Amino acid sequence: MRKLFTIIFLSVVSCYTQAQSTYHVHCADLFISEYAEPGAGLAGSKAIEIYNPSANTINLSGYTLTVYYNLCSTVDSFKLPPVNLLSHHVYVIIGGISAGTVDPTLNAVKDTSWSQLIFNGNDAIALFAPNYDTLDIFGVPCALPSTTPGWVLPTTGAVTQDITLVRQPWVLNGERNWNKCQNQWDTFAVN
């Protein structure tokens with residue numbers, strides 16, 4: 001009986017250790033955790049929030065946020081500044097400031113602004129690592145949604161225009177395939 005108990009105990013410990021190891025592998029790098037697209041009237045309130053899910057501080061130097069506008073007729077990239085993002089903290093980029101009034105609440109939490117961050121619901125956004133690996137994607141670069149002014153989120157039926165989206169808490173890492181990550185968002189009203 002003692003031998004059987006020892007075998008069961010070691011099996012449970014082994015599974016737990018493997019699960020912990022997998023968790024840390026999946027939480028190794030940055031991903032997009034919030035998307036705010038308030039529409040043309042509030043163009044200065046567009047924002048992207050980037051989250052550090054890892055156990056370590058990450059220096060943002062070399063990371064790039066890229067927006068693919070209108071079937072890639074324009075592609076703009078923003079090099080993140082060389083600041084340290086603490087473990088389990090976020091970095092907020094707001095955009096389009098010259099195009100509209102900035103929401104005061106959003107302005108109070110911003111870390112930086114990027115004038116070219118003027119996306120609307122049908123533009124795609126990607127986050128790249130310093131080695132140019134794609135860490136996360138929102139939408140489909142160089143494509144347009146088939147029937148709506150934005151991408152449709154299958155679980156809620158929400159459209160990615162005039163909306164605020166927050167990544168669900170169970171998400172541990174970015175996703176390179178929009179078909180896989182479009183179910184990972186909770187929807188909220190504008191701002």
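One is the number of the first residue; the rest follow in order along the sequence. All values reported here derive from a predicted model rather than from experimental measurement.
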Which heavy-atom pair separates [X] from [Y] by the least distance, and what is that distance?
X	Y	answer
A158	T187	CB-CG2, 3.5 Å
A126	I137	CB-CD1, 3.7 Å
Q182	L153	O-CD2, 3.4 Å
T66	S77	OG1-OG, 2.8 Å
C72	P141	SG-C, 4.2 Å
I32	L65	CD1-CD1, 4.5 Å

Verify, without hydrogens or angle tests, whether [X] (side chain) and [Y] (backbone) share a donor-acceptor contact under 3.5 angstrom.
X	Y	result
D76	Q116	no
D186	Q168	no
T112	I93	no
T160	G121	yes
T164	A189	yes

**Request:** Begin with the C-alpha distance, continue with both residues' side-chain angles, and end with the deciding distance and a verdict on ring-ring contact (aromatic ring centres under 6.0 Å, His included) for F119 and F138.
**Result:** CA-CA 11 Å; F119 59 87; F138 186 93; 7.8 Å; no

Is it true that [X] and [Y] fall in one hydrophobic cluster, defined by side-chain heavy atoms closer than 4.5 Å?
X	Y	value
V75	L117	no
V159	L165	no
Y68	L71	no
I58	L135	yes
F128	L85	no

**Asked** Are R167 and D136 close enough for a salt bridge, meaning some N to O gap below 4.0 Å?
**Response** yes

Any side-chain heavy-atom pair of [X] and [Y] under 4.5 Å:
X	Y	answer
N70	D123	yes
N59	P82	yes
N122	P145	yes
L80	I50	yes
E37	D162	yes
Y69	I118	yes

Measuring from [X]:[atom1] to [Y]:[atom2], what's the distance to the nearest 0.5 Å?
X	Y	atom1	atom2	answer
Y132	T64	OH	OG1	6.5 Å
N52	F31	CG	CZ	9.5 Å
S54	L86	OG	CG	10.0 Å
I48	I125	CD1	CD1	3.5 Å
W185	E34	CH2	CD	8.5 Å
Y63	L30	OH	CG	4.5 Å

**Message:** Just by distance, no angles: are the side chains of H88 and Y51 close enough, under 3.5 Å, to form a donor-acceptor pair?
**Reply:** yes

